[in-house]
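Computation of the quantities below employed the complete heavy-atom set of this structure, encompassing side-chain atoms and omitting hydrogens, waters and symmetry-equivalent molecules.
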Amino acid sequence: MNKNTVTVIPGDGIGPDIVDATVRILKALDCGLEFEYAIAGQAALDKGLDLVPEETLAVLRRNRLALKGPITTPVGGGFSSVNVTLRKTFDLFANVRPALSIPGVKSRYDNVDIMTVRENIEGIYSGLGQTVSDDGETAELRSRITRTESERLLRFAYETAVKQGRKKVTVVHKANIMKSTSGLFLDVARKVREDYPQLEHEEMIVDACAMQLAMNPHRFDVIVTTNLFGDILSDLCAGLIGGLGVAPGANIGEHGGLFEAVHGSAPDIAGQGIANPTAIMLAGALMLDYIELHDKAKQLRRTVRQVVGEGEIVTPDLGGRASTSEFTDELVRRLEQNS
């Protein structure tokens, strides 16, 4: 078994509870992983450190593999998003958000299986040219799209679709109005797709895509799009399967990956021991796939789906009465029973 060291960032609010639960599961799987802890967010500020301390950046640079709990970005000037900072610092250009229905989770639809691949670096979220006029009446922000980054993201999406045995890729854009930025992204997509004749290709304007996701999500397989559109649509997809509490996320670069729960830190239930760790546990499965421990990833997903599907030992948000630790205990018991 290959040895991999994972940087563990517990996060804020419910983060430490759900991250600890996930580390327990990964240890129970006997994946040969080692864990090194680091802090960011409010936990770092409370110690008089930067929002993302240099010590944490050093650990991430060394390990190139991270599991991150939800982090609160303080409200107010001077604080940049931790997620955006980490993505830019480590060139994590692809955001991958699978939305897969889980038996037993209340949702609008059954049998949804959509993977959204979102560009993580450019577009509106690049933060270029943010200005507010002196009188406070006018605000501006620039969107920047490059051919190089677009091609890197699109090739990643198509390659991932092929590796996962998927059949169709939908390129989402707004090139009818945003002719320069979205137009360039769409132009690159049309060239890249020529190298993947085994896949069905589709182009869709972002507002039409949102409507179709609400009306008929089963028509989608892989969605690939730019930063802002992907941020919105991936949350929409999570809503189709029951919410962010069961939707994992991955940020992938050429030399590393960061895997996370994409939901918030839920300070209203922090410390109560009832947080649902499903999303970050499934993010752990994405991490296992990333380091090519595919059998372990399948075992983790299968066990989570079994326990959640039975609905007996689950957290209150899933309709049960179990605590975070009781839910985790049951998962560990099943894993040990089936090992």
Side-chain angles (χ1 to χ4, degrees), residues 81 83-99 114-130 140-164 166-214 217 219-238 249-255 257-258 262:
S81 164
N83 286 339
V84 172
T85 298
L86 292 175
R87 290 166 185 170
K88 287 186 174 181
T89 300
F90 295 100
D91 194 27
L92 304 174
F93 67 91
N95 181 267
V96 181
R97 294 274 301 273
I114 304 169
M115 181 177 70
T116 302
V117 180
R118 159 194 171 193
E119 201 285 319
N120 237 359
I121 305 295
E122 296 190 322
I124 292 293
Y125 279 20
S126 64
L128 290 174
Q130 294 204 69
E140 294 184 2
L141 172 63
R142 286 166 50 201
S143 177
R144 180 175 182 267
I145 299 290
T146 65
R147 184 173 297 276
T148 298
E149 289 297 331
S150 295
E151 181 171 355
R152 180 166 68 156
L153 184 278
L154 286 155
R155 287 203 179 276
F156 174 87
Y158 277 93
E159 289 291 336
T160 302
V162 171
K163 289 177 182 177
Q164 293 189 6
R166 292 180 177 268
K167 306 298 183 183
K168 178 181 177 182
V169 176
T170 302
V171 177
V172 176
H173 64 93
K174 191 67 176 175
N176 57 325
I177 303 298
M178 299 162 59
K179 298 181 185 298
S180 58
T181 52
S182 257
L184 176 58
F185 185 79
L186 182 58
D187 179 64
V188 176
R190 288 171 175 171
K191 290 180 172 61
V192 169
R193 74 186 187 191
E194 293 176 0
D195 295 331
Y196 301 90
Q198 68 272 49
L199 295 171
E200 180 183 350
H201 311 283
E202 180 179 44
E203 299 172 4
M204 192 172 292
I205 295 173
V206 61
D207 40 329
C209 180
M211 181 184 69
Q212 289 296 327
L213 281 167
R219 66 170 291 167
F220 294 96
D221 191 359
V222 176
I223 294 173
V224 59
T225 189
T226 48
N227 204 332
L228 178 60
F229 296 160
D231 187 21
I232 296 167
L233 293 178
S234 58
D235 271 22
L236 195 164
C237 290
N251 299 279
I252 307 295
E254 294 182 5
H255 305 290
L258 184 150
V262 296

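- A heavy-atom distance below 4.5 Å is not found between the side chains of V171 and R193.
- Listed for the E140 side chain is no donor-acceptor partner under 3.5 Å among the backbone atoms of R142.
- Side chains of L153 and V117 form a contact here, defined as non-hydrogen atoms less than 4.5 Å apart.
- Side-chain contact between T160 and V96 is absent, with no heavy atoms from C-beta onward closer than 4.5 Å.
- When the shell of 6.0 Å around CZ of R219 is examined, it contains more than 12 heavy atoms from other residues, nucleotides or ligands.
- Taking NE2 of H255 as the reference point, atom CG of L92 lies at 11.0 Å (rounded to 0.5 Å).
- Each salt bridge (Lys or Arg N to Asp or Glu O under 4.0 Å) pair with one or both residues in residues 222-238, not counting sequence neighbours, appears once here: R97-D235, R118-D231.
- In this structure, L128 and L141 approach most closely via the heavy-atom pair O-CD1, 3.3 Å.
- A donor-acceptor contact shorter than 3.5 Å links the side chain of E122 to the backbone of T146.
- Take K174 and apply the side-chain contact (heavy atoms from CB on, under 4.5 Å) test, not counting sequence neighbours, and it matches N176, I177, M178, S182, I205, V206, D207, F229.
- Interatomic distance, R144 CZ to T181 OG1, rounded to the nearest 0.5 Å: 12.5 Å.
- Atom CZ of residue R152 and atom OG1 of residue T148 lie 9.0 Å apart, to the nearest 0.5 angstrom.
- Taking the side chain as every heavy atom from C-beta outward, R147 and D187 approach each other to under 4.5 Å.
- Two residues are said to be in side-chain contact when any heavy atoms from C-beta on lie closer than 4.5 Å; L86 and N251 fail this criterion.
- Taking 4.5 Å as the limit, every side-chain heavy atom of V222 sits out of range of all side-chain heavy atoms of L199.
- Under the rule for a ring-ring contact (aromatic ring centres under 6.0 Å, His included), Y125 has no partner lying at least two apart in sequence or in another chain.
- Aromatic ring orientation, Y196 versus Y158: parallel (interplanar angle below 30°, classes split at 30° and 60°).
- Between T170 atom OG1 and I114 atom CD1 the span is 9.0 Å, to the nearest 0.5 Å.
- Once rounded to the nearest 0.5 Å, the distance linking OG1 of T116 with CG of L213 reads 7.5 Å.
- Considering R166, K167, K168, Q164 as possible partners of D221, the one that fulfils the side-chain hydrogen bond (donor to acceptor under 3.5 Å, both in side chains) test is R166.
- In summary, R155 and E151 engage in a salt bridge, as defined by a charged side-chain N under 4.0 Å from a carboxylate O.
- For the side chain to side chain contact (heavy atoms under 4.5 Å, CB included) criterion with S150, the lone passing option out of V188, V192, V224, T226 is V188.
- Atoms CD and CG, from E203 and L186 in turn, are 4.5 Å apart once rounded to the nearest 0.5 Å.
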